[in-house]
Amino acid sequence: MSERVVLAYSGGLDTSVAIPYIAEQAGAEVIAVALDLGQGGEDLEAVRKRALGCGAVESIVVDAKEEFAAEYCVPALRANALYMDRYPLVSALSRPLIVKHLAAAARQFGGTAVSHGCTGKGNDQVRFEAGLAALSPDLKVIAPARDYAWTRDKAIAFAEDKGLPIDVTKKSPYSIDQNLWGRAVETGFLEDIWNGPIEDLYDYTADPAEPREADEVVITFAAGVPVALDGRPLTPYEVIAELNRRAGAQGVGRLDMVEDRLVGIKSREVYEAPAAIALIAAHMELENVTVERDLARFKRSVDQRWGELVYDGLWYSPLKNALDAFIDDAQRYVSGDVRLTLHGGRAVVTGRRSGASLYSYDLATYDTGDSFDQSLAKGFVELWSLPGKIAAARNREQG
Ligand code: ARG
């Protein structure tokens, strides 16, 4: 029996061409695995059939939308995960889940190798292979775009030569990756970092500059998990999908940045992540209300580290697991409602309420009813200043 290779299949030109190419190079049978991660766009049944048309012996589509939302997007939200303070980890979140399903398909169909379409210049190759090393270290990796120096021209020539059922003229000038958590666009004219993004790049968001009426939404969280919109109970997938539509319609979540890749390259990226940006704004504010000060201060550094680990492909790592446990504990009281106004490309918090609030009106008020004993502050400030006062006196004395 010939070797069986499980391919992470997107339906696009590169992974379609990879099917006969791997079969030829490795003398192997190819099993195509596509995931529904809420990316929308093309009908996945058509994608499944295309893989068969390109010569795959098996082709499956896994509906992983709810799993992706609940087990990947929600943890990122609870960690307020923004790489370099901006990027909500769209692609970085999906790779570990894709790897998990590739490994499962390899078990199901007797695969001994896994293949992905990543080049050798990006983060995604690292995320695939580091994930695989943790989950299924016995599986070999075949990366045709990287290991056989594929170019776009070669791929097109190969597709035409083999008469593959794909429209090579449909190849976009950009490299695009999209899922429920957002959309990433790179390459093409964006590689000149002085070039401004054009409206054409965007798909999840409307032009924020266009005049329209604002939208207002109330997001309910239970222990850091979004569980309802405007009082309607929803699954995490449903919350994110609805917010992508509503925040997207207001142009929320567009980003244009130069980013530090793990492989050492700086790259220009344009993102749109309407639901992610709106949810993180709401979640951070609910943490402001419900998380005790020292815990909140410490969590900020945990959040940042969590985002870097996930960006760097270490989803299935001991440190990431341990930080998850910390975050889980820190989310215990992050329950309540946040009201957001979505408008002009921004998601702005306008109200918050929580049964677990640490905000005390009586302590905060400057009106009558104030229960804060200001006389205690005098001694506190004196002692607080004491070490600095002593050091400053010494410095003056010693010149
Ligand atoms: N730079 C982003 C990241 O590393 C986006 C990658 C998008 N991937 C792609 N194949 N276009 O997470």
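When a ligand or atom number is given, it counts from 1 through the structure's own listing order. Being a predicted model, the structure only gives us computed values, none of them experimental.
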Worksheet item: By number and element, which atoms of ligand 1 are closer than 4.0 Å to a non-hydrogen atom of Glu269?
Response: 1 (N), 2 (C), 5 (C)
Practice prompt. Just let me know how Val90 lines up against ligand 1, side chain, backbone, both or neither, with a heavy-atom cut-off below 4.0 Å.
Written response: neither
Worksheet item: Do Arg95 and Asp177 meet the salt-bridge criterion of a basic N to acidic O distance under 4.0 Å?
Response: yes
Practice prompt. Report the C-alpha separation of Glu3 and Lys140 in whole Å, then their side-chain angles, then the decisive distance to 0.1 Å, and conclude whether the salt bridge (charged side-chain N to carboxylate O under 4.0 Å, His left out) test is met.
Written response: CA-CA 11 Å; Glu3 189 172 30; Lys140 280 185 297 189; 2.8 Å; yes
Worksheet entry | Side chain, backbone, both or neither: Arg127 near ligand 1, heavy atoms under 4.0 Å | side chain
Worksheet item: At a 4.0 Å threshold, what atoms of ligand 1 neighbour a non-hydrogen atom of Asp124?
Response: 6 (C), 7 (C), 8 (N), 9 (C), 10 (N)
Discussion item. Could you go through Asp370 and Thr365, starting from their C-alpha distance and side-chain angles, then the distance that decides it, and tell me whether this counts as side-chain hydrogen bond (donor to acceptor under 3.5 Å, both in side chains)?
Written reply: CA-CA 6 Å; Asp370 182 3; Thr365 186; over 6 Å; no
Worksheet item: Taking it one step at a time, do Val90 and Gln178 satisfy side-chain contact (heavy atoms from CB on, under 4.5 Å)?
Response: CA-CA 7 Å; Val90 174; Gln178 63 188 59; over 6 Å; no
Discussion item. Which of the numbered atoms in ligand 1 are under 4.0 angstrom from any heavy atom belonging to Glu259?
Written reply: 1 (N), 2 (C), 3 (C), 4 (O)
Worksheet item: Quick one: are the ring centres of Tyr72 and Trp315 less than 6.0 Å apart?
Response: yes
Item to complete: Measure Arg261 to ligand 1 on non-hydrogen atoms and call it side chain, backbone, both or neither using the 4.0 Å cut-off.
Response: neither
Worksheet item: Does Arg394 come within less than 4.0 Å of Glu397, counting only side-chain N to carboxylate O?
Response: no
Worksheet item: In the protein, what heavy atom is nearest to atom 2 (C) of ligand 1, and what distance, to one decimal place, separates them?
Response: Tyr271 OH, 3.1 Å
